[in-house]
Amino acid sequence: MRYRPFGRSGAAVSNLTLSLGFEALSRGPAEVKELIYSALEAGINAYRLETADPVLAEVVGQALSHIERKLVCVSLAMGRGDGRRGHERDFTAEGMTGAIDRALHVSGLGWIDLALLEEPAEDELPQASLNALKALRSTGRVRLLGVAGDGEVMDAYVSTGAFDVLATPYHVNSDWRVRNRIRTAREQDMAIFAYDYFPDSLNTAKKAAASDQEQKRGWFGFGGKKKEGPLATAGTFAFLHQTPHWDAESICLGYALTEPSISSVVIHADDAARLTALSEITERDMPPGLAAQIEMARVSAKAA
């Protein structure tokens, strides 16, 4: 495992962050603990709680109780509720403060390293809520504040200067808006977490080959010709599924890790075997020429 600076916090965070939520918890507390133990053995020191559910917080706190607290980074998703009322979104000052207090009480973690607001809409985060989070940060119960999501509203949140961390989707076909948002965040000394590094649009050879370029047609849908033969997938991401000794997900994860602005990439793992496989990618160098193929496919897809 490799580590990178965690923004202005002065801490070091592992290249990978293990995300844990209802799906992991549904397999039982013992399974969650075993997964965290496997992650620790792989060198992962960053953990993301997808919900403020007290049961999940308690299990994670117990699993990390034998590790010196300052050596691990725990982020808590805000706005998704805490399981008490299903998945009802709640960005109110009372709701978020209560969720953090409950999570700290049952987990014994002492503090939350990152309170991460999950995809707040333009009108979902009142000033009172932001003030409440800043108050939690000033008392040390929360160390950093972050915002996660996609779309133009993220540019507004980044520009406020109120947040320490940006979590954003980032993959081989991310457009210029995402890349520009990352650059702007870094210029403001924000740490960057990446997620959705392997989107559904790339998870099969057929989907990866179905770029706009292949579907391009003439006026009123006439005159277009679909490419055939060995060059049929030229200029697409089909090569992700055709690279010897690499699978498509590994290439996409390796690519995300080549972006120096990204502190950590969020992963999901159902078991220790998958966790180990993903962890090993952090130590591998991408094949020569693969980065150039990715850029050519990305530019070709956008120009189609």
Measure across [X] and [Y] and return the closest heavy-atom pair with its distance rounded to 0.1 Å.
{"X": "L275", "Y": "L35", "result": "CD2-O, 3.7 Å"}
{"X": "A162", "Y": "L130", "result": "CB-CD2, 3.9 Å"}
{"X": "G43", "Y": "M1", "result": "O-CG, 3.5 Å"}
{"X": "I44", "Y": "S279", "result": "CD1-OG, 3.9 Å"}
{"X": "S263", "Y": "F193", "result": "CB-CE1, 4.4 Å"}
{"X": "R186", "Y": "I192", "result": "CD-CG1, 3.7 Å"}

*Run the numbers on I36 and Q62 for side chain to side chain contact (heavy atoms under 4.5 Å, CB included), then give the verdict.*
CA-CA 10 Å; I36 293 175; Q62 290 174 353; over 6 Å; no

Would you give the length of the straight line joining atom [atom1] of [X] to atom [atom2] of [Y], rounded to the nearest 0.5 angstrom?
{"X": "L25", "Y": "E31", "atom1": "CG", "atom2": "CD", "result": "11.5 Å"}
{"X": "I262", "Y": "R4", "atom1": "CD1", "atom2": "CZ", "result": "7.5 Å"}
{"X": "M190", "Y": "I182", "atom1": "CE", "atom2": "CD1", "result": "11.0 Å"}
{"X": "L117", "Y": "L76", "atom1": "CG", "atom2": "CG", "result": "10.0 Å"}
{"X": "H268", "Y": "Y195", "atom1": "NE2", "atom2": "OH", "result": "10.5 Å"}
{"X": "L136", "Y": "T97", "atom1": "CG", "atom2": "OG1", "result": "4.5 Å"}

*Given the rule in the side chain to side chain contact (heavy atoms under 4.5 Å, CB included) test, do R27 and D270 qualify, once you have shown the distances and angles that lead to the verdict?*
CA-CA 9 Å; R27 294 189 290 274; D270 298 331; 3.7 Å; yes

Does [X] reach the main-chain N or O of [Y] with its side chain, forming a donor-acceptor pair under 3.5 Å?
{"X": "D175", "Y": "V178", "result": "yes"}
{"X": "S250", "Y": "W246", "result": "no"}
{"X": "H241", "Y": "K206", "result": "no"}
{"X": "E68", "Y": "K70", "result": "no"}

*asked:* Counting neighbours of CD on E23 that are heavy atoms of other residues, nucleotides or ligands and sit closer than 6.0 Å, is the number greater than 12?
replied: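 12 or below, so no.
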
*Can you list the residues that meet the salt bridge (charged side-chain N to carboxylate O under 4.0 Å, His left out) rule with R69, with sequence neighbours excluded?*
D113

*asked:* Please enumerate all residues that pass salt bridge (charged side-chain N to carboxylate O under 4.0 Å, His left out) together with R274, with sequence neighbours excluded.
replied: E249

_side chain to side chain contact (heavy atoms under 4.5 Å, CB included) evaluation trace for S201 with N173_ = CA-CA 10 Å; S201 60; N173 203 22; 6.0 Å; no

Would you mind reporting whether [Y] and [X] have side-chain heavy atoms less than 4.5 Å apart?
{"X": "L253", "Y": "F198", "result": "no"}
{"X": "L56", "Y": "E50", "result": "no"}
{"X": "Y170", "Y": "Y255", "result": "yes"}
{"X": "F237", "Y": "I294", "result": "yes"}
{"X": "M154", "Y": "P120", "result": "yes"}
{"X": "C252", "Y": "L240", "result": "yes"}

*Please report the C-alpha distance between N180 and R183 in whole Å, then the side-chain angles of each, then the deciding distance to 0.1 Å, and finally whether the side chain to side chain donor-acceptor pair (under 3.5 Å) criterion is met.*
CA-CA 5 Å; N180 186 61; R183 182 170 61 252; 2.5 Å; yes

*Hey, quick one: are I112 and V106 part of the same hydrophobic cluster, counting side-chain heavy atoms closer than 4.5 Å, chains of contacts allowed?*
no

*Should W111 and V59 be regarded as members of a common hydrophobic cluster, given that ILVMFWY residues are connected when their side-chain heavy atoms come within less than 4.5 Å of each other, either directly or indirectly?*
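W111 does not cluster with V59.
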
*Mind checking what makes side chain to side chain donor-acceptor pair (under 3.5 Å) contact with T17, not counting sequence neighbours?*
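Once residues adjacent in sequence are excluded, the partners of T17 under the side chain to side chain donor-acceptor pair (under 3.5 Å) criterion are S264.
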
All pairs passing side-chain hydrogen bond (donor to acceptor under 3.5 Å, both in side chains) where [range] contributes a residue, at least two apart:
{"range": "residues 143-167", "answer": "R8-D164, R137-D164, D150-R181, D155-R181"}
{"range": "residues 36-48", "answer": "S14-N45, S19-R48, R48-E118"}
{"range": "residues 280-291", "answer": "none"}

*Test L133 against I100 for side chain to side chain contact (heavy atoms under 4.5 Å, CB included), laying out the working first.*
CA-CA 10 Å; L133 290 173; I100 289 173; 4.2 Å; yes

